[in-house]
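Numbering of ligands and ligand atoms starts at 1, following listing order.
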Amino acid sequence: MPLLKQARPKVLVPEKLSPDGLALLRSALDVDERKGLSPEELLEIIPHYEALLVRSETKVTATVLQAAKRLKVVARAGVGVDNVDVGEATKLGIVVVNSPSGNIGAAAEHTIALMMSMARKIPEGCASLKAGKWERSKFVGVEVKGKVLGIIGLGKVGLTVARIAKGLGMTVNALDPYASPAAASSASVTLVSSLPELLSSADFLTIHTPLIASTRGMISDAELAQMKPGARILNVARGGTIDEAALLKALESGQLSGAAIDVFTSEPPDPESTASKLIAHPRAVVTPHLGASTVEAQENVSVDVCEQVLDILKGSLPRSAVNAPLILPEEYQKLQPFVRLVEKIGNLYTQHYASLPGGSMARNTFDLIYQGEVASINNTKPLFAALIKGLLAPITGQEGLNINIVNAELVARERGIFVSEQHSRDPHDDSSYSSLVTLIARPPSRPSSRASGLPEKSTGAPQLQHQRVISGTCSGGQPLITRLGRFEASFAPEGTLLICENYDSPGKIGVVGSILGREGVNINFMTVAPVSSKLSIHNAPSDAKFVKDGPTEVLSDVSGSGKTEALMILGVDRVVPQQTAEDLVQEGGVLSACAITL
Ligand SMILES: NC(=O)c1ccc[n+]([C@@H]2O[C@H](COP(=O)([O-])OP(=O)(O)OC[C@H]3O[C@@H](n4cnc5c(N)ncnc54)[C@H](O)[C@@H]3O)[C@@H](O)[C@H]2O)c1
Ligand SMILES: O=C(O)[C@H](O)COP(=O)(O)O
């Protein structure tokens, strides 16, 4: 029989990307280069892809992201992610990565190239000569040496521009409320405290900020009027930071001697737009968003983001995620087994306790307690995300599967789930394990259960409600459940399990086995979990902790029957029908039977 070939993840590349990065992808993924897609075509094909690689042209809108059913990552081969709806991607659990430093040098050199071109009228001289003319006196320029360069945004590109400009003999002033004074001073840049101060001192003004609320339209009529008459302006950052109509007016009036622009509010500009009039102005030096267009920069950004795409599709964390927390690879290695454990604990919680009176989501406030070695992990975001995923996966289907460190907090907030994470390095009571993770569901307080509209039904057994606790550890890198409610357990949370609560009496196993056998359900393994003699959980809301409890008999006889209870956990080979679970209670005499799949 021919072997079924497993489908490889698919990557859509709708823009020109350097082949160096794409070559890395081809070993593991199907790379689909589809340049020139219309927005409608993109929307139509995006459901087939696990990854999308773009530059600044493709508009990755909320509609595109919502249509992308399998998308795990949007990779921006460059810096600016303003063409990606990062908020929507976060909601959907799609990681957005970029290449924050691959094209800094290219953008800075392009800025300097435009400044020199504008100062020395290179484009005009070149065009004139190509037109067969020899016009020398018409193209007299100015020198930059000894002039003042004003920089708005002293980030990676801004600082690189500043260093080159210093080398050209310029004085450099900068405005950036978040810039490091040490970095500015080491580049001999004077940080000024206000925009008017920067504008009035600059012979050349250059913008190197992202396009955000505080920078949109930051240079308009009023600001241009504050500049020295005859000053020159540059924008190699983002269209929209300078008001194009105001800039055109300032060029026409002669307030500005020149403008050098690489980026526009709409790209490519509409032929009827103000931007197109600006482009046509004789004292404007313009390029079609070429700041990052060097062979070197394109290789850098392509390799950078393609490596990250591979990481994400392998299940690791990328190094430059725009919407995910930074977790170092070595820390992640340590976390990984516990991520699986916590997800299993959450999943087990919902499936097991949802079958009890009151239902799982009657409780929405949890304590997640890390004890022993695991408590030394500081960045527990992946564990938090795993818990939310585990809790919700059994009741939300596809949405549950899409929960990850990108959107876990948002999802938890939207669903009103509160988790208090607690670290305790003190040795825990069960010292046979080096690490222990415990989930405790707090009983709903009266006002909040009313507010949530999910009142918990009384089971007539308040002690049971107080024992919604699951503990686990990692043994040989594999998850192991060590406590389920009042019972001291030891089972791997894998596959289909039947969890039966019963009185610990001879012959019970045989009865259960024969009922299951009658239904064609095979038992793979069985383990009995006695009532724990060691631990109990006190219901302290904010500082839940383990304490030694009273005499064992009190715990063993929570039902008040005088008999000893135990939990029987059976690993079975197929899903157990609800009717069979009911038969186990009716005919088999077990107290409760709950079938779960982990
Ligand atoms: N034209 C191109 O091809 C090209 C190439 C690379 C980068 N870029 C663009 O250049 C810009 C800068 O890139 P970067 O890598 O230096 O980014 P960066 O994040 O390193 O630097 C941006 C700086 O702007 C500062 N800033 C933010 N708001 C500000 C405000 N209101 N006033 C003053 N400063 C403010 C920040 O503090 C930061 O220091 C981005 O918009 C990027 O997309 C364009
Ligand atoms: O933000 C960036 O990295 C630049 O604007 C480059 O854009 P590009 O990849 O479309 O050239």
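Within 4.0 Å of ligand 2, the residues that place a heavy atom are Arg55, Ser56, Arg76, Ala77, Gly78, Val79, Gly80, Asn103, Arg238, His289, Ala292, listed by chain and number. For ligand 1, the 4.0 Å heavy-atom shell contains residues Val79, Gly80, Asn103, Ala107, Ile152, Gly153, Leu154, Gly155, Lys156, Val157, Leu175, Asp176, Pro177, Tyr178, His208, Thr209, Pro210, Ile212, Ser214, Thr215, Val236, Ala237, Arg238, Asp262, Val263, His289, Gly291, Ala292.
Listed here is the closest heavy atom pair of Arg163 and Ser186: NH2-OG, 4.4 Å.
Atom CZ of Phe418 and atom OG of Ser420 lie 12.0 Å apart (nearest 0.5 Å).
Contact annotation: the side chain of Leu251 approaches that of Leu278 to within less than 4.5 Å [non-hydrogen atoms, C-beta and beyond]. Counting only heavy atoms from C-beta outward, the side chains of Leu168 and Lys145 never approach each other to under 4.5 Å. The side-chain heavy atoms of Ile261 and Leu247, taken from C-beta on, include a pair separated by under 4.5 Å.
No more than 12 heavy atoms of other residues, nucleotides or ligands sit less than 6.0 Å from atom CD of Glu57. Atom NZ of Lys228 is surrounded by more than 12 heavy atoms from other residues, nucleotides or ligands within 6.0 Å.
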Side chains of residues 117-131: which donor-acceptor partners sit under 3.5 Å, not counting sequence neighbours?
unit_1: Ser117; atom_1: OG; unit_2: Ala113; atom_2: O; d: 2.7
unit_1: Ser128; atom_1: OG; unit_2: Glu135; atom_2: OE1; d: 2.6

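Sorted by first then second residue, the side-chain hydrogen bond (donor to acceptor under 3.5 Å, both in side chains) pairs that include residues 38-50, not counting sequence neighbours, are Asp32-Tyr49, Ser38-Glu40, Ser38-Glu41, Glu50-Arg70.
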